[in-house]
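Below is one structure, written out as structure tokens; the observations come after it.
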Protein chains: 2
Amino acid sequence: MNLEEVARLAGVSRSTVSRVLNGSSGVSPATRAAVESAVASMRYLPNQAARSLAGTRTDTVAVVVSEVHDRVFDDAFLTGVLRGVTSGLDGRRAVVAVNPPSVSDVDGCLVVSMDGHDPLPRGLSVPVVLVGRPLSGGLAYVDSDNLGGGVLAGRHLVARGRARVGVLAGPPDVAACVDRVAGFRRALGGSPPAGVVPCALTPDSGAAALAGLLASTPDIDGVFCATDAIAIGAVRYLRSVGARVPEDVSVVGFDDSVAATVCTPALTTVRQSAEDLGNTAAWRLVAELTGEQDLPQSIVLATELVIRESS
Amino acid sequence: MNLEEVARLAGVSRSTVSRVLNGSSGVSPATRAAVESAVASMRYLPNQAARSLAGTRTDTVAVVVSEVHDRVFDDAFLTGVLRGVTSGLDGRRAVVAVNPPSVSDVDGCLVVSMDGHDPLPRGLSVPVVLVGRPLSGGLAYVDSDNLGGGVLAGRHLVARGRARVGVLAGPPDVAACVDRVAGFRRALGGSPPAGVVPCALTPDSGAAALAGLLASTPDIDGVFCATDAIAIGAVRYLRSVGARVPEDVSVVGFDDSVAATVCTPALTTVRQSAEDLGNTAAWRLVAELTGEQDLPQSIVLATELVIRESS
DNA sequence: CTGTTAGCGCCTTCAA
DNA sequence: TTGAAGGCGCTAACAG
């Protein structure tokens, strides 16, 4: 089934059908109606390949997922982003490509990178929008307000009367973690944290980092962790050495992952919406593809403190 | 850059380049080498749209994700499947489509359905492989050995000396849950469960279902839950009424989700590999697309008992 | 406002 | 073993 057949049924030419299908102006209402009813009655769907070949768009965008570091706790983030992306693509198709990105024949590219490097499709000359702030490079991105979330966490621990707080900062090359810690420091103002130690994005690494911190600074009464995964390790370690959470030590995480809700005690954390992130990034890319002007280079989405039992 | 330019550089015709690119036999080694070096030096990539239009394939498959029920705990499953799929597609592109599937221009279709209904793309006349057994319909599918996993769980509780076990069975229209419970019953042999109650796939629903079960059967010493999410609710409820896990009551879940490892006590559960599931389904679809004969209608992947603290 | 025309880049007979 | 030629279904000028 092709344009030709639709045109014949509607009693017009191929071009006219094409015009209607593409929403061009300059088609009389009567003609348009005739074409639309023909399309509907035949259940006609345009051939995407022919469309791409003749036109200038492919109507598909690539979603490049970088999977560099340990990802145990990132699954929910990824599905959330994907969900948001597919719903924000406005009819375009999303092709998923995994790490060494070799995508072609796409109109644009969305990159979900959880580290700060740029796993950018090489030799790809289409608009790109990153999900998550890159540590360097002038590309457009959408990110959660990690800095603001860090501020929320900091103010919360201050409000709880915690005066000697440690920070399990995550990896220094993960922009989200860097920003979270920066925000946290800002909230503490003149009284800096009792200690800031980097760690990997796993509970085990969080536990080990906290053990090291407590060895040198035993009187800590609060811990801010750059992710929930780290916080879960921190809580586990604290309980293993007989410290009560939150009575002796308050713990705050970041992400509002499922794990944060099921662990004991349930984690106070900062929520970000992966779905909004994906949706907004898709929107930004589509806007660029449709030629909108004066688009923001970066978009930052609000985060929110969720108070539970650990603080 | 197109075939023409490559042909010119290699000193042959377009047809010959096309033959080399598509691996047709009947090209002299010398010619083939010349073409390949031209392709490499120009970094030529065929235009996918033109290829689809002229040929008979699109080299892309749809991944249809059905999101019917509460999905809080399914994220890891989905990303696992997706990861497996993309790596099993052998160069083909994966387009993701969400629930009301309206995909076209694909060679085949992978459907990830977590309920038993068939959210099948209507009017799609391409091969389909389901990830997860459908409750009805004669479509090809790949599934975890939920029945076998249920057997493992049952034997385990028997070996632990548990004689009065309850079952939180999940929804009756989710094939995976149905199979898990069937396997569990089989392992118990002549001594049936003390009670089997359906519930939704959430911790809260699991807690409520267990409360109801305990009301009528207070002397239960073991609980098998169709998913980890349900098990987490069960554990929470048991502890809230002062029962010790596992001393008073053993609890076994299913899925080996992240939540199972971080909750207290850590859950004994049955592991399935979402990645293997996706990879195998992709393999099965590709095999059908490449014309392989005598393919199995269903493929079942082994599951594995993971013993932790809750039993 | 509508129809005619010329390709888009590739695969695939058919000849040579 | 290779080349020439036609056409896949559509869009985008260009006429009328």
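In the text below, chain A, chain B and the rest are named by the order of the sequence lines, each starting its count at 1. All heavy atoms count here, side chains included; hydrogens, waters and symmetry mates do not.
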Q.
Rounded to whole Å, how long is the line connecting atom CD of Glu4(A) with atom P of dG3(C)?
A. 12 Å
Q. Which heavy atom of Val128(B) sits nearest a heavy atom of Val111(B), and at what distance?
A. CG1-CG2, 4.0 Å
Q: Give the rounded distance in Å between these two atoms: CG of Leu53(B) and P of dC8(C).
A: 13 Å
(Q) I'd like to know if Arg92(B) pairs up with Asp107(B) as an ion pair, taking the criterion as any Lys NZ or Arg NE/NH1/NH2 lying under 4.0 Å from an Asp or Glu carboxylate oxygen. (A) no
(Q) Check this for me: does any side-chain nitrogen of one of Asp75(A) and Arg83(B) sit under 4.0 Å from a carboxylate oxygen of the other? (A) yes
Q.
Would you say Asn2(A) places a side-chain N or O within less than 4.0 Å of OP1 or OP2 belonging to dG9(D)?
A. yes
Q | Phosphate OP1/OP2 of dT2(C): any Thr31(A) side-chain N/O under 4.0 Å | A | yes
**Q.** Gln48(B) CD - dC10(C) P separation (whole Å)
**A.** 10 Å
Q: Check the distance between dC8(C)'s P and Asp105(A)'s CG and give it to me in whole angstrom.
A: 16 Å
Q | Arg284(B) side chain reached by Leu110(B) side chain, heavy atoms, under 4.5 Å | A | no
Q) How close or far is atom P of dC8(C) from atom CE of Met1(B), stated in whole angstroms? A) 16 Å
Q) Does anything in residues 6-28 of chain A reach DNA chain C, meaning a heavy atom under 4.0 Å, and if so which residues? A) Val12(A), Ser13(A), Arg14(A), Ser15(A), Thr16(A), Arg19(A), Gly26(A), Val27(A), Ser28(A)
Q: Looking at every strand, decide which applies to Leu3(A) at a 4.0 Å heavy-atom threshold: base, sugar-phosphate, or nothing.
A: base
(Q) One pair to check against side chain to side chain contact (heavy atoms under 4.5 Å, CB included): Leu277(B) and Leu301(B). What are the steps and the verdict? (A) CA-CA 7 Å; Leu277(B) 228 41; Leu301(B) 269 36; 3.7 Å; yes
Q. Any donor-acceptor pair under 3.5 Å linking the side chain of Asn146(B) with the backbone of Gly149(B)?
A. no
Q. In degrees rounded to 10°, what angle is found between the helical axes fit to the five outermost pairs at each end of the helix from dC1(C)-dG16(D) to dA16(C)-dT1(D)?
A. 30°
Q: State, yes or no, whether a side-chain contact exists between Gln272(B) and Phe77(B) at a heavy-atom distance under 4.5 Å.
A: yes
Q: Let me know, please, whether Arg32(B) or Ala49(A) comes out on the 5' side of the other along DNA chain D by nearest nucleotide.
A: Arg32(B)
Q | Below 4.0 Å: OP1/OP2 of dC11(C) and any side-chain N or O of Arg51(B) | A | yes
(Q) One thing to verify: whether Arg93(B) and Asp59(B) come together as a salt bridge, which I'm taking to mean a side-chain N less than 4.0 angstrom from a carboxylate O. (A) no
Q. Checking side chain to side chain contact (heavy atoms under 4.5 Å, CB included) for the pair Val63(B)/Val85(B): CA distance, chi angles, key distance, verdict?
A. CA-CA 9 Å; Val63(B) 180; Val85(B) 165; 4.0 Å; yes
